[in-house]
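Side-chain atoms are counted along with the backbone in the values below, which use heavy atoms only and exclude waters and symmetry mates.
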Amino acid sequence: ILFFFFFFNFIFAEAILDNNATIPVSQNQKAIIFKLESFIKNKFIEAYKPYNIVIHNIEVSPAMPINLNKLKLDKIIFDDKLLRRESGNFEVHLYHNQKRQNIFFSFNINASIDALSASSNIKTGEVITNNNSNITQIHIDKNMQFPASLNIVDEYSAKSFIPSGAIITKAKITPKIIVQKGDIVEVFYSDDNINITFNAEALKSGAIGEIIKAQSLQGDRIVNIKILGVKKAELQ
């Protein structure tokens with residue numbers, strides 16, 4: 001009994017040591033890791049190109065120890081939601097001969113981007129300008145919201161209050177109001193050889209591209225107009 005007890009304990013201990021042993025990194029594994037790192041790097045560059053992204057470091061490794069020798073890369077499943085995080089897991093399909101394996105890999109990225117931040121409190125409806133915002137550098141972090149585009153200055157307003165120091169995100173802005181209720185707007189209409197221009201009073205405030213109601217100054221007719229610019233619109 002004692003003999004079998006010590007024998008099976010020895011075998012069990014050997015199995016644990018084998019499972020915890022470090023798996024040698026083959027050249028094939030290095031090649032797969034390099035391809036995965038390049039893939040993720042390109043995904044982040046594409047997503048954050050307008051924000052002048054700078055990638056300082058990126059690391060990819062299997063989520064669990066595994067020998068990748070002889071395996072070849074088939075498909076990478078990378079959810080775009082992971083682009084809002086500095087780390088996460090993604091699925092990779094690999095194969096050798098007729099055998100296929102789906103393996104999870106982990107990634108960590110250290111990257112920074114340019115973003116607009118409020119240099120002072122910005123009230124709801126206030127236009128984003130160079131006086132109340134500036135460009136600051138931030139790191140891509142967990143569950144980060146995409147910042148607003150860097151070229152929104154003088155073109156967008158705050159949809160809701162933005163405190164000083166906060167990053168200005170897409171959810172916080174709306175196109176700037178350029179036609180106010182009561183403004184007299186020049187309205188254009190063109191159809192084949194027919195070109196009509198008339199003036200109308202805006203019955204509602206609106207931004208570029210927005211369709212609002214206006215009252216024609218000739219005949220008091222109520223029409224729908226699409227705002228094209230400052231006091232310029234198109235009949236709908």
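Ser117 contributes no side-chain N or O that, together with a main-chain N or O of Ile167, makes up a donor-acceptor pair within less than 3.5 Å. A donor-acceptor pair is defined here as one N or O able to donate and one able to accept, closer than 3.5 Å; no such pair exists between the side chain of Thr169 and the backbone of Pro147. Between the side chain of Tyr156 and the main chain of Ser149, no donor-acceptor pair closer than 3.5 Å is present. For Lys176 (side chain) and Asp154 (main-chain N/O), a donor-acceptor pair under 3.5 Å exists by modelled atom type. Between the Asn67 side chain and the Asn69 main chain, a donor and an acceptor come within less than 3.5 Å of each other. Panel note: side chain Asn132, backbone Ile128; no donor-acceptor pair is recorded below 3.5 Å.
Residues Ser133 and Val153 meet the side-chain proximity criterion, which asks for heavy atoms closer than 4.5 Å. Looking at Asp79 and Phe90, their side chains never come closer than 4.5 Å, going by heavy atoms from C-beta outward. At a threshold of 4.5 Å between non-hydrogen side-chain atoms, the residues Lys159 and Ile173 do not count as touching. Side-chain contact between Ile66 and Gln101: present, with at least one pair of heavy atoms (C-beta onward) separated by less than 4.5 Å. Counting heavy atoms from C-beta on, the side chains of Pro62 and Ile33 come closer than 4.5 Å. Asn110 is not listed as a side-chain neighbour of Ile55, based on a closest heavy-atom distance of 4.5 Å or more. Contact of the Met64 side chain with the Phe104 side chain is not registered, since no non-hydrogen atoms from C-beta on lie closer than 4.5 Å. Contact check for Ile103 versus Leu68: side-chain heavy atoms found under the 4.5 Å cut-off.
Summarising the geometry of Lys70 relative to Asn28, their closest heavy-atom pair is N-ND2, 3.4 Å, with the distance given to 0.1 Å. When all heavy atoms are compared, the tightest approach of Phe198 to Leu235 is CZ-CD1, 4.1 Å. Residues His56 and Ala111 share a closest heavy-atom pair of CD2-CA, 3.9 Å. Contact detail for Ile212 and Ser205: the closest heavy-atom pair is CG2-O, 4.0 Å. The shortest heavy-atom contact between Asn108 and Ser87 is OD1-CB, 3.2 Å. Closest of all the heavy-atom pairs between Leu71 and His96 is CD2-CB, 3.8 Å.
In the hydrophobic clustering of ILVMFWY residues, with side-chain heavy atoms under 4.5 Å counting as a link, Met144 and Leu82 come out together. In the hydrophobic clustering of ILVMFWY residues, with side-chain heavy atoms under 4.5 Å counting as a link, Ile225 and Leu228 come out apart. By the rule that hydrophobic residues join a cluster once side-chain heavy atoms approach within less than 4.5 Å of another member, Ile184 and Val179 end up as members of separate clusters. With hydrophobic clusters built from ILVMFWY side chains whose heavy atoms lie under 4.5 angstrom apart, Ile227 shares a cluster with Ile196. Under the 4.5 Å side-chain heavy-atom criterion for ILVMFWY residues, no single connected hydrophobic cluster contains both Ile77 and Val92.
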> What do the steps show when you test Arg85 against Lys142 for side-chain contact (heavy atoms from CB on, under 4.5 Å), and what is the final call?
Replying inline: CA-CA 4 Å; Arg85 305 180 60 176; Lys142 183 178 180 180; 4.1 Å; yes
>> Between Ile135 and Leu116, does the side-chain contact (heavy atoms from CB on, under 4.5 Å) criterion hold? Intermediate values first, please.
In response: CA-CA 5 Å; Ile135 295 178; Leu116 274 179; 4.0 Å; yes
>> For a side-chain contact (heavy atoms from CB on, under 4.5 Å) check, start with the C-alpha distance between Val60 and Ile40, then their side-chain angles and the critical distance, and finish with the verdict.
In response: CA-CA 9 Å; Val60 173; Ile40 294 175; 3.9 Å; yes
> Are Ile32 and Leu94 close enough, and set up right, to give a side-chain contact (heavy atoms from CB on, under 4.5 Å), and what steps lead you there?
Replying inline: CA-CA 10 Å; Ile32 291 175; Leu94 300 155; 4.0 Å; yes
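The CZ atom of Arg100 sits 11.5 Å away from atom NZ of Lys72, with the distance rounded to the nearest 0.5 Å. Taking CD from Glu59 and CD1 from Ile109, the interatomic distance works out to 11.0 Å, rounded to the nearest 0.5 Å. Annotation: the span from Asp114 atom CG to Asn134 atom CG amounts to 11.0 Å, rounded to 0.5 Å. Taken from OH in Tyr189 to CD in Glu234, the straight-line distance is 10.0 Å, to the nearest 0.5 Å. With rounding to the nearest 0.5 angstrom, the OH atom of Tyr48 is 5.5 Å from the CD1 atom of Ile113. Put simply, NE2 on His93 and CG on Leu73 are 10.5 Å apart, with the number rounded to the nearest 0.5 Å.
No donor-acceptor contact under 3.5 angstrom links the side chains of Asn121 and Ser164, judged on distance only.
Within 6.0 Å of CD on Gln218 lie more than 12 heavy atoms contributed by other residues, nucleotides or ligands. A 6.0 Å sphere centred on NZ of Lys43 holds more than 12 heavy atoms belonging to other residues, nucleotides or ligands. By the 6.0 Å contact criterion, CD on Gln236 is enclosed, its count of non-hydrogen atoms from other residues, nucleotides or ligands being greater than 12. Heavy-atom neighbours of Phe161 CZ from other residues, nucleotides or ligands within 6.0 Å: above the threshold of 12.
Aromatic ring pairs are classed by plane angle as parallel below 30°, tilted from 30° to 60° and perpendicular above 60°; the pair Phe107 and Phe78 is tilted.
Note on Glu186 versus Lys232: salt bridge recorded, some NZ/NE/NH1/NH2 to OD/OE distance being below 4.0 Å.
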